[in-house]
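As structure tokens, the structure follows; a few thoughts come after it.
The analysis underlying the following values was restricted to heavy atoms, covering all of them including side chains, and did not include hydrogens, waters or symmetry mates. A, B, ... follow the sequence lines: proteins, then strands. Residue 1 opens every chain.
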Amino acid sequence: MALQLYNTRARRKEAFDPVDPDCVTMYVCGPTVYNLAHIGNARPVVVFDTLFRLLQTHYDKVVYARNITDIDDKIMRAAQEQGVAIDVIAGEFAQKYREDTAQLNALPPTLEPHATDNIGPMIALTESLIERNHAYAAEGHVLFDVTSMKDYGQLSGRSLDDMLAGARVEVAGYKRHPGDFVLWKPSSADEPGWESPWGRVRPGWHLECSAMIREHLGPTIDIHGGGRDLIFPHHENELAQSCCAFGDEFVRVWMHNAFLDMDGEKMSKSLGNVATIRELLTRYRGEVLRFALLSAHYRSPLNFSEALLEQAEQTLTSFYNTLRSVQGIELDCEVSLEGEGFYAALCDDLNTPLAISELHVLARDINKASGSDKPALKARLLAAGNLLGILQQDPLEWLQGDGASDLQGLDAEAVEALIAERVAAKANRDYARADEIRDELTAGGIILEDSAGGTLWRRINS
RNA sequence: GGCUCGGUGGCAGAGUGGUUAUGCAGCGGAUUGCAAAUCCGUCAACGCCGGUUCGAUUCCGACCCGAGCCUCCA
């Protein structure tokens, strides 16, 4: 199934055509590690993880790099406030980021380059820019000269004139043009810094990505991803730096995810509605968060709310309920993705909502199927779930495990004992006692399902 | 002000120039000791005004409303 991706630069979907089909490259802007990641940060993580999984079905080798920005003024401020070195802050939050994203079933990226490990390549890139008259040093800074690039603004679709018209920020005196951006800024002796041809400096924000992409992935990468807000200035400036320094095509496909709203409002610190992944994980399992994030197309805004999470949890439970019903069934065949609706949906610019609708169809088919059809249907549902990064755990763990409920309810043994007692009561037609036991279990957060094969149970929050 | 992107049934959310996804909720039914789960059926939508067309929710234009970026930001 041919893969189509929406390219921000072209503003339309294009057939994906990697430079080297034997080694596909993707770079996604990762976190600046100075605090806990919030749920908005989780969206690109989940979206590009899903793309990573999808790419691996098309190509034998996919190199996925996600950087860690470990030098930045925000990190410096946090370090100063806590009286520690920046690498302490950066190390702590990079680790927490890895833990949080793992909870979202995001696979680790192939590479995780750190800015401070790539100062050499950043200096080399800058020297190339200066040599080619695209950058200049001024008052301890090194700046990119936006007028030196004829088609600066091509990615975001704006011109230098437009930007001047909209300028709302006072322009620093050392800039030749208001749109010039910083490659390096001066660092005093007590600030983190590196010796360079321009004195003691630290890198500006955009430089690391250009340098690390070149260093670790090569001159031209296939996919560069991130949040929509990065289109300008971050990615525009990366593009300018790389093109002007090296002259090669930089990125084949630019991909950007839309933002999350929180209960209909923009998420912002001033509104106090920033939810960290970590906080949400105390109330919902990571798979619920992931499923919620995939329930809308990645280029559409998604309103993040309790109702969304509850529905996500309910939907996953119904899928796991179906999977429990075929738990004992052996998978006896390979799934061919070609021709599968969920696969076609994902190949069409990662249409996850449409793919999810195909999961519902498969689940219904399993629920209706005769025994002989079940193994193949089960295999297809699991394959679909695997591409989306969901439905891979033991159904009983989902339905009955501790994570299924934050009620400090009954343990599994107690539940089983009560169910046994109820079965006996029912056998004696003592329905009063049977219902009494059901009520007791309900109070303990347990839902019973009587079926021909016996009584099944699950925790209420699943 | 400039540049982008949207407005779909009660809610979430796809998609399409004609046969009107999917899920939740609702309603009716099957099943069930009761319930749950499941299955079947069903109600219901394309911001507004024009244009193109045999026919537009889908294409074009205007308008209204909303969002993002232009400043750190997923």
Side-chain angles (χ1 to χ4, degrees), chain A residues 8 11 28-32 34 37-48 72-74 77 153 155-170 178-179 205 225-234 236 256-261 264-269 274 292-303 305 307-308 310-312 314-315 317-319 321-322 324-325 341 345 348 351-361 363-368 399 425-426 429-432 434-435 438-439 441-442 446-452 455-458 460:
Chain A
T8 302
R11 295 202 183 81
V28 175
C29 286
T32 300
Y34 70 104
H38 60 246
I39 190 65
N41 296 304
R43 193 172 195 189
V45 170
V46 168
V47 164
F48 291 105
D72 173 272
D73 287 4
K74 291 190 289 292
R77 198 181 315 127
L155 176 64
S156 54
R158 49 189 91 201
S159 68
L160 285 176
D161 291 343
D162 292 339
M163 283 179 248
L164 281 183
R168 282 198 263 148
V169 173
E170 204 172 323
W205 178 33
R228 210 181 173 87
D229 56 316
L230 298 181
I231 296 171
F232 190 91
H234 186 51
E236 191 70 72
H256 296 96
N257 62 275
F259 270 32
L260 246 45
D261 284 337
E265 287 188 303
K266 177 178 173 159
M267 180 163 56
S268 74
K269 281 181 185 165
V274 176
L293 289 168
L294 292 175
S295 68
H297 186 86
Y298 76 92
R299 284 188 285 110
S300 296
L302 172 63
N303 186 23
S305 63
L308 174 73
E310 279 160 24
Q311 189 164 329
Q314 188 181 337
T315 302
T317 289
S318 93
F319 287 147
N321 227 8
T322 295
R324 169 163 67 176
S325 75
D348 182 10
N351 192 336
T352 52
L354 189 57
I356 289 168
S357 77
E358 296 290 339
L359 261 60
H360 285 288
V361 173
R364 195 199 313 127
D365 287 349
I366 290 175
N367 290 334
K368 288 162 65 172
L399 296 166
K426 279 173 62 178
R429 306 190 68 82
D430 180 0
Y431 294 119
D435 290 345
R438 181 201 293 287
D439 292 343
L441 286 166
T442 303
I446 306 297
I447 292 174
L448 297 183
E449 294 172 20
D450 289 339
S451 74
T455 298
L456 302 173
W457 64 276
R458 63 185 161 88
I460 199 160

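Here B/A74 is the nucleotide among B/A74, B/U38, B/C5 with the atom lying nearest to any side-chain atom of A/M267. The listed nucleotides are B/G23, B/A74, B/G13; the one nearest the side chain of A/D229 is B/A74. Closest approach to the A/L308 side chain among B/U38, B/A12, B/A14 is made by B/A12 (side chain taken as heavy atoms from C-beta onward). Here the nucleotide nearest the side chain of A/R158, chosen from B/A14, B/G2, B/G23, is B/G2. Residue A/S357 places its side chain closer to B/U22 than to any other of B/C72, B/U22, B/A74. Comparing B/U22, B/A25, B/A74 by their closest approach to the side chain of A/H38 singles out B/A74.
Between A/F319 and A/H360, the two ring planes are tilted [angle within 30° to 60°].
Under the 3.5 Å distance criterion, the side-chain polar atoms of A/D348 are left unmatched by any main-chain donor or acceptor of A/N351. Side chain of A/R43 to main chain of A/L260: no donor-acceptor pair is present (N/O by atom type, distance under 3.5 Å, no hydrogens or angles). Side-chain atoms of A/S300 never come within 3.5 Å of backbone atoms of A/A296 as a donor-acceptor pair (strictly under, hydrogens ignored). Here the side chain of A/E236 pairs a donor or acceptor atom with the backbone of A/G153 at under 3.5 angstrom.
The CG-C1' distance, from A/L302 to B/G6, rounds to 15 Å in whole Å. If you measure from atom NZ of A/K266 to atom C1' of B/G66, you get 14 Å, rounded to the nearest angstrom. B/C24 atom C1' lies 9 Å from atom NE2 of A/H360, rounded to whole Å. Atoms CG (A/L294) and P (B/G13) sit 13 Å apart, rounded to a whole Å. At whole-Å resolution of the value, CZ in A/R299 and P in B/C69 are 18 Å apart. At whole-Å resolution of the value, CG in A/D261 and P in B/G13 are 10 Å apart. As rounded to whole Å, 14 Å separates atom C1' of B/A12 from atom CG of A/L293. In this structure, A/D73 atom CG and B/U71 atom P are separated by 17 Å, rounded to whole Å.
Across all strands, A/S300 comes closer than 4.0 Å only to sugar-phosphate atoms, never to a base (heavy-atom distances). A/L359 comes within 4.0 angstrom of nothing in the nucleic acid, heavy atoms only. Residue contacts shown for A/G157 are limited to sugar-phosphate atoms, with no base heavy atom under 4.0 Å away. Nucleic acid contact class of A/H297 (heavy atoms, under 4.0 Å, all strands): sugar-phosphate only. When heavy atoms are screened at a 4.0 angstrom cut-off, A/S295 is found touching the sugar-phosphate backbone but no base atom.
At the phosphate of B/A74, neither OP1 nor OP2 sits under 4.0 Å from any side-chain N or O atom of A/N257. Contact annotation: A/Q314 reaches the phosphate of B/A25 (side-chain N/O to OP1 or OP2, under 4.0 Å). Note on A/N41: a side-chain N or O is less than 4.0 Å away from OP1 or OP2 of B/A74.
Rounding to the nearest 0.5 Å gives a distance of 10.0 Å between OG of A/S295 and CG of A/N303. A distance of 8.5 Å separates CZ of A/R77 from CG of A/D72, quoted to the nearest 0.5 Å.
A donor atom on one side chain and an acceptor atom on the other are found under 3.5 Å apart for A/D450 and A/T455. A/N367 and A/R364 form no side-chain donor-acceptor contact under 3.5 Å, judged by distance and modelled atom types alone.
If A/W205 and A/P301 are placed on RNA chain B by their nearest nucleotide, the residue sitting closer to the 5' end is A/P301. Along RNA chain B, the nucleotide nearest to A/V361 and the one nearest to A/N303 differ in position, and the one closer to the 5' end is contacted by A/N303.
With hydrogens and angles ignored, no donor-acceptor pair closer than 3.5 Å exists between the side chain of A/H256 and the base of B/A74.
Judged by ring centres under 5.5 Å apart and planes tilted less than 30 degrees, A/F259 stacks against the six-membered base ring of B/A74.
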(message) Across nucleotides 29-37 of chain B, 5' to 3', mark each nucleotide with B, S or - according to how protein heavy atoms within less than 4.0 Å reach it.
(response) ----BBBBS
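With C1' as the reference atom, B/G23 and B/U4 are 31 Å apart, rounded to whole Å. A gap of 27 Å separates the P atoms of B/G10 and B/C60, to the nearest Å. Taking atom P on both B/U8 and B/A45, the two are 14 Å apart, rounded to the nearest angstrom. The P atoms of B/A21 and B/U57 are separated by 15 Å, rounded to the nearest whole Å. Only the P atoms considered, B/G33 is 24 Å distant from B/C27, to the nearest whole Å. B/U22 and B/G29 have their P atoms separated by 23 Å, with the value rounded to a whole Å. Rounded to the nearest Å, the gap between the P atom of B/C39 and that of B/A25 is 12 Å. Rounded to whole Å, the C1' atom of B/C65 lies 26 Å from the corresponding atom of B/U71.
Cation-pi geometry between A/R158 and A/F232 is satisfied (NZ or CZ under 6.0 Å from the ring centre, within 45° of the ring normal).
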(request) Any chance you could encode RNA chain B as dot-bracket? Rule is Watson-Crick or G-U wobble with both distances under 3.5 Å; [ ] for pairs crossing earlier ones, | for another strand. (result) (((((((..(((.....[...))).(((((.......)))))....(.(((..]....))).))))))))....
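Scanning for salt bridge (charged side-chain N to carboxylate O under 4.0 Å, His left out) contacts around A/D73 gives A/K185, A/R202, with sequence neighbours left out.
Ring-centre distance between A/Y298 and A/H256: not below the 6.0 Å cut-off.
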